[in-house]
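Data block below; observations after.
Residue numbers count from 1 along this sequence.
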Amino acid sequence: MAIENYPNQRKKHCETGTLLNMLKYYGYEGMSETMAFGIGSGFNFVYSPFLRMRGVKLPMFRIRPGLIAKNYCERMGIGFHYEEFGNRVNKSMKALDELVDQQIPVGLVVNVARLHYFSPVVNESNFNGHVLTVIGKEGSNYTIADSDTRLTTDDYVFLTEDVMRKSRFVSGLAAPHGKMFYIDPLPKGFGENMDLKPAIIQGLEESCRRMLRVPVPFYGWTGLNCFARSLKMWKVWFSENLIGFILLWIYRLIETTGTGGAGHRYMYADFLNEAAELFGSEVLADCANLMNADADSWRQFSLDSRRYMKSDNITLREMSELLETIGQQEKRIFEKIDTEFLHSDLVRKYA
């Protein structure tokens with residue numbers, strides 16, 4: 001039986017949308033999606049040698065699914081429960097059913113290509129990081145609240161148990177392995193007169209650490225430089241067909257499937273604006289403007305990816321130079337946040 005009147009509002013990003021609808025169900029509505037994204041340190045870039053498709057190293061524009069919600073809940077003092085099941089399919093389905101029987105909304109990480117209700121609105125790629133909420137089960141059908149902004153209504157959708165198993169346990173890049181999470185009910189009056197500043201500071205500190213100080217060369221702004229250098233060599237290393245396939249995958253990841261790239265940068269700019277207003281910080285306001293320009297650059301890169309696939313007067317070298325510019329932009333933004341805001345008198349009293 002499904003939870004009655006569960007909120008299912010469309011949001012910009014599947015994980016933050018899932019989280020905000022859970023919070024609303026438990027009585028807390030005082031949080032914007034972009035603030036949740038920033039407190040949860042959703043900003044990221046990785047160009048890891050361990051992430052490959054057909055032998056090509058891939059950029060990743062987001063943190064591991066579920067980690068935004070985990071970070072947010074820890075920083076806001078909310079009980080958070082997360083489990084990953086590897087290949088234990090039956091155990092994972094039993095655990096899900098037990099929670100649903102208790103009327104607990106459960107966030108799941110799934111393969112989006114398996115979700116039939118997406119096909120009328122978008123031609124989805126084989127993306128393993130979509131997040132949705134299970135709010136009930138009748139017979140062998142699960143009731144799903146999916147906050148994806150591309151869906152045309154706030155109606156619930158239904159997935160059979162067979163589809164649920166397959167969507168949770170597919171192989172491939174960043175396979176979901178049955179990941180699921182849920183939060184504890186919130187105490188009465190949660191969020192009233194709450195000071196968000198300590199949580200915002202923690203979120204900013206984690207994003208600065210990731211983008212500036214992870215001691216491996218494929219994280220953060222140095223990872224962007226690695227990606228830029230690699231892109232220049234693709235003509236030598238790979239066939240045109242493979243380059244086109246990978247650029248199509250990157251375009252979809254930036255613009256549609258994973259929200260990453262430009263979408264996450266625009267969200268982060270809005271978060272910085274909200275934080276700037278709360279702190280009265282001109283530094284964060286300036287960084288918000290810089291981040292919007294950075295998001296525009298990412299959008300240009302995704303459009304250049306399409307132009308290249310169509311042989312439309314763009315070269316991999318030009319795309320590489322744009323990536324180098326983006327890397328310098330993001331380095332400048334997070335250095336400014338780190339040195340001029342996080343080490344300022346506005347923040348020192350919260351240390």
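One finds no salt bridge joining Asp294 and Arg299 here, because no Lys/Arg side-chain nitrogen approaches an Asp/Glu carboxylate oxygen to under 4.0 Å. Between Lys232 and Glu321, none of the side-chain N atoms (NZ, or NE/NH1/NH2) sits under 4.0 Å from a carboxylate O, so this pair counts as no salt bridge. Ion pairing between Lys197 and Asp195 fails under the 4.0 Å rule for side-chain N and carboxylate O. Using a cut-off of 4.0 Å between Lys/Arg side-chain N and Asp/Glu carboxylate O, Arg229 and Glu324 are scored as not salt-bridged. Under the 4.0 Å criterion applied to side-chain N and carboxylate O atoms, Asp304 and Arg307 are assigned as salt-bridge partners.
Within the 4.5 Å cutoff, no side-chain heavy atoms of Leu23 are placed close to those of Phe190. For the pair Met53 and Phe245, the minimum side-chain heavy-atom distance is below 4.5 Å. With contacts defined as side-chain heavy-atom distances shorter than 4.5 Å, the pair Phe227/Lys57 does not qualify. Looking at Leu108 and Val131, their side chains never come closer than 4.5 Å, going by heavy atoms from C-beta outward. At least one side-chain heavy atom of Leu132 sits less than 4.5 Å from a side-chain heavy atom of Leu115. The side-chain heavy atoms of Arg52 and Leu58, taken from C-beta on, include no pair separated by under 4.5 Å. Side-chain contact between Phe181 and Phe80: present, with at least one pair of heavy atoms (C-beta onward) separated by less than 4.5 Å. Between Leu204 and Leu272 the shortest side-chain heavy-atom distance falls below 4.5 Å.
With 3.5 Å as the limit, one finds a donor-acceptor pair spanning the side chains of Arg75 and Ser41. A side-chain donor from one of Asn128 and Asn111 sits under 3.5 Å from a side-chain acceptor of the other. For the residue pair Ser32 and Glu274, a side-chain donor N or O sits within less than 3.5 Å of a side-chain acceptor on the partner. With no hydrogens or angles considered, no side-chain donor-acceptor pair links Asn273 and Tyr268 at under 3.5 Å.
A 6.0 Å sphere centred on CG of Asp296 holds more than 12 heavy atoms belonging to other residues, nucleotides or ligands. Within a 6.0 Å radius of NZ in Lys70, no more than 12 heavy atoms belonging to other residues, nucleotides or ligands are found.
Residues passing the side-chain contact (heavy atoms from CB on, under 4.5 Å) test with Asp184 are His81, sequence neighbours excluded. Under the rule for a side-chain contact (heavy atoms from CB on, under 4.5 Å), the partners of Thr160 that lie at least two apart in sequence or sit in another chain are Asn141, Asp162, Val163.
In terms of heavy atoms, Arg62 sits closest to His264 at CB-CE1, 3.6 Å. Contact detail for Ala145 and Ile135: the closest heavy-atom pair is CB-CG2, 4.3 Å.
Each of Arg213, Met211, Glu205 was evaluated against Asp338; a single residue qualifies, Arg213, per the side chain to side chain contact (heavy atoms under 4.5 Å, CB included) test. A side chain to side chain donor-acceptor pair (under 3.5 Å) with Lys331 is found for exactly one of Glu335, Gln329, Gln328, namely Glu335. Here the rule is ring-ring contact (aromatic ring centres under 6.0 Å, His included) with Phe334, and of Trp221, Phe43, Phe45 only Phe43 fits it.
Between the side chain of Thr222 and the backbone N or O of Phe218 there is no donor-acceptor pair closer than 3.5 Å.
With ring centers used as reference points, Tyr25 lies under 6.0 Å from Tyr6.
Ring geometry, Phe61 versus Trp298: the interplanar angle exceeds 60°, so the pair is classed perpendicular (tilted spans 30 to 60°).
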Verdict with reasoning, Glu318 to Tyr308, per side-chain hydrogen bond (donor to acceptor under 3.5 Å, both in side chains): CA-CA 10 Å; Glu318 289 171 314; Tyr308 184 88; over 6 Å; no
Stepwise salt bridge (Lys or Arg N to Asp or Glu O under 4.0 Å) check, Lys12 with Asp270: CA-CA 12 Å; Lys12 295 177 182 178; Asp270 289 343; 3.4 Å; yes
Trace of the side-chain contact (heavy atoms from CB on, under 4.5 Å) decision for Ser305 with Leu248: CA-CA 7 Å; Ser305 297; Leu248 175 61; over 6 Å; no
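Note that Arg64 lies in the cation-pi zone of Tyr82, set by a 6.0 Å cut-off to the ring centre and a 45° limit from the axis.
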